[in-house]
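Comments concern the structure below.
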Amino acid sequence: MDQFAVTFIPDNITVQVEAGTTILEAANQAGLPLKSTCGGAGTCGRCAIKVQEGEVEIRGSQLPAHLREEGYSLACQTVVMGDAVIAIPTESRLGLHQVLLQDKGRLQDSLTDLLGNYPLDPACKVTSLVLPEPTLTENTSDASRLLATLRKEKGLEGQLDLAFLRELPDSLRQANWQVDVTLAAGSNRLIRVTPRGETRAFGLAIDLGTTTVVVSLLDLHSGERVMRKGSYNRQAAYGDDVISRIIHATSNEGGLKELRQAALDTINDLIAAILTSRGIDPAEVTAATIAGNTTMAHLLLGINPRHLRLQPYIPAAAELPVMKADEVGLNINPLATVQIFPAVASYVGGDIVSGALFTRIASSEELTLFIDIGTNGEMVLGNSDWLISCACSAGPAFEGSGITCGMRAMEGAIEGVSIDPDTLEVELEVIGDSRPSGICGSGLIDCLAKLLHAGIIDRTGNFQEVTTPRLRTTDEGPEFVLAWAAQSSIHRDIVLTGADIKNLIRSKGAVFAGIQSLLKTVSLEIDAIERIIIAGGFGNYLHIPNAIEIGLLPDLPPEKYIFAGNTSLKGAELALLSQPAWQESLELARRMTYLELSAGNLFMEEFVSALFLPHTRLELFPSVGNRSGNERRSS
Amino acid sequence: MAVQILRDSSRAAVQKVVLGATKDQGGTRSHTIVVGGDAALPFHHFEGEIVNRPVIGMEVQDIVPDWPEALKNPFADVINEPGRWAQKCVDEYGADLIYLKLDGADPEGANHSVDQCVATVKEVLQAVGVPLVVVGCGDVEKDHEVLEAVAEAAAGENLLLGNAEQENYKSLTAACMVHKHNIIARSPLDINICKQLNILINEMNLPLDHIVIDPSIGGLGYGIEYAFSIMERMRLGALQGDKMLSMPVICTIGSEAWRSKEATAPVSEYPGWGKETDRGILWEAVTAAALLQAGAHILLMRHPEAVARVKENINQLMVSNAY
């Protein structure tokens, strides 16, 4: 097949691809991943590029006419037919993404101490042994010698691996029979043998999120965190949400392999960066704990995820065996022990179990609601006696996806909005005090609340007839200008469209309907909830009164709300450092009742009545009713 | 042992809405009509007071409507004059209300001017003493103009004006507030939208006792069961104290019943179905009877014979079954 050169500008990177390759694939090959919410289906319109010169074939395009006239086409629908030069506009790039690693205040003290009451009992341990040297008369094998000493001195039954045996003869002799043995907790599988004395042992806690991946390196001797590092999940090039990734994995040949590799590349690059900066040999990393949703776990392990998406939504496995790093594909000690958090169901995964572990929901008598608002709104309700969980497809709106000018919470994101009720003029709060380039989840929630207050939208989310140049109508309907092109860093107006608002209302409606469904299933009212723990980076910026005002979260006093940051990562760190904690997470996953929202009408009824600001049942939001009554203007 | 009969008692009652205004009250009606106020499920006199009987508003149009002959016949002598048509409905057929449908305003149809529409309303107001329900033609833009003008011209009459819908409620609500009328809040067979619309209207400061719910019913055989269950849910909500579902319910019985093939198909086509006149009347009467049981307060009807049968039915249902 013919090979053609595709050059991307302004980066000036050229790749050789076969005829028929899409520009999306070529850009990936060039290391310039593009946004692709739909995973290359040609429907999301986010991978717009401009063909500067060369021969391409453009299939059907979902782009608006005016963009097509300007020469834009969708990268996933543009096929290479000859050498070509392609311009990638900034807004189509996946871009370098600053992943939020630090919590932004407001954390509850009890949640900052990682171990808490759990003992330091890491996933692998190092034990020192002095082996009797072999002689012509005492000629037992190396392995038997090691196992016998381990048994005699420490009372442990070591387990052998081929890869371990390959290294063993040299290791023992180099150490002159005075060795440190690193072995996996629980199984006592032998990982490495090193000269006695200064053997270090490090472990990785990995939060494998759909959108972001964070790796944390911990010193297993001291239990201290050495370094955290995060980045975008490179699977994003195959779709923004788990559904489009499952589709990619199951409907394209090699799709599953691509996704597995993308996840591994993301993780391994982060590992390499951390280890290099701290001067740590990969062999010294002998344990890892991974928390991810069920789909992420399937994709990372190369397990066919097809049935996660198809009714009745069955995962291949919920509880996974403890594995070895080389089986999984992590670039650390190949024999390192790898614990992957168990899932509850297809859409309540290990990340939630990890979060539940870290937040100690099950060790308190207080009725707690734990919510992780990401692409899916996953939540757990319960206390030390019982736990029930569900997942509602809230969509990625609060992560800025699927919103015209949406973006994640990073520099340049509008995180707060105020609107003068008389002039309808807008003031913005932007992360990093820079010029705005988009609006993030917390900004969207704030914006919705303020538009309602100012009477610019009504409780159904429809724009009202108000006089301000900021409200205008385009071919695609009405939109409100938050920032004019001259103020913004993207040289375009930053707007919130009528469709965006409906999208947000559906998202918040789904989350609240999930909460209501859990409550109704156990016949409790909102008032019964004693504390609400909000997980995820999104929570760091969330303004609770606004979230209540639009009906995203239950109308409970702010002091009942607790922000817990990235609980998936923190739970993974905890399980890495403490075997009792790890054992408890297995127990948690088994104990959690899963409420399937697609069975029966409960969720749908709740969802439909939540499509109102704040809710069709105003009585569920008593504090909101009072406030808006005073402040709304009639137009 | 005697049988213990359980009675449900309600926490709240359906909102009362007063239609029309007499001279003392700033209008010109001979009397007012109160709908709603029920403190029990429909006609459960044994569980709570049913203070006001359901009422019938007979339909009058400002153009000669495209109705089957069987339906036009009783009005043949007056069908060109809305005032006399209304008079006949009240005097001969005992209509409690007149339901004036301004279909002539439709820009796609007769395209009556705003002034013509206002004149028709005034003509009917002069001709009869009963309170009026006035509804536009359904064209959003035109209805804005027409209904605002009607509201202004009939200020003080305490009309029941419609229809406000979720995408389009502001101008009519404002007009009802300024000129002191009642509003019909119409929702598409959806309990949530029904409630949301009531909230939206109420938030513009129109009091709850000036709102009447039109749930958009279907006629017999055409989805009446959906209407039935939505109306049931409204009544249960009202009795449980949900203020935003507590308004009286108005049902467009006549137009829905007479849209059905069963009401209008000629006997020549379906010899087994019997005379079309009887069929249409029965179809309308049965639709009304069913929805009375679901909790209808205002029945908008067309044929005098159907009206007579339903009145008889209401009389029977209003006999107390309390014990």
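Values below: all heavy atoms of this structure, side chains included; hydrogens, waters and symmetry mates excluded. Below, read A as the first sequence line, B as the second, and so on, with proteins coming before strands; counting in each chain starts at 1.
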### Task
Please check if atom OH in Y226(B) has more than 12 non-hydrogen atoms from other residues, nucleotides or ligands closer than 6.0 Å.
no
### Query
Got more than 12 heavy atoms from elsewhere within 6.0 Å of CZ, R7(B)?
yes
### Query
Just wondering, more than 12 heavy atoms not from K502(A) lying within 6.0 Å of its NZ?
yes
### Message
How about CD on E525(A), more than 12 heavy atoms from neighbouring residues, nucleotides or ligands closer than 6.0 Å, or not?
### Response
no
### Task
Decide side-chain contact (heavy atoms from CB on, under 4.5 Å) for T460(A) and Y169(B); before the verdict, give the C-alpha distance in whole Å, the side-chain angles of both, and the deciding distance to 0.1 Å.
CA-CA 12 Å; T460(A) 54; Y169(B) 62 90; 5.8 Å; no
### Summary
So CZ of F612(A) and CD1 of I193(B): to nearest 0.5 Å the spacing works out to 10.0 Å
### Query
Going through the distances and angles, do M244(B) and R617(A) end up as a side-chain contact (heavy atoms from CB on, under 4.5 Å)?
CA-CA 9 Å; M244(B) 294 301 165; R617(A) 289 168 63 199; over 6 Å; no
### Message
As an exercise: rank I191(B), N198(B), L200(B) by heavy-atom pairs under 4.5 Å with chain A and give me the winner.
### Response
L200(B)
## Note on the structure
T616(A) and I199(B) have their tightest heavy-atom pair at O-CD1, 3.3 Å
### Message
With a 4.5 Å cut-off on side-chain heavy atoms, are N192(B) and F607(A) touching?
### Response
no
### Message
Other residues, nucleotides and ligands only: do more than 12 of their heavy atoms fall within 6.0 Å of NZ on K16(B)?
### Response
no
### Query
What heavy-atom pair brings Q196(B) and V608(A) nearest, and what distance separates the two atoms?
NE2-O, 4.2 Å
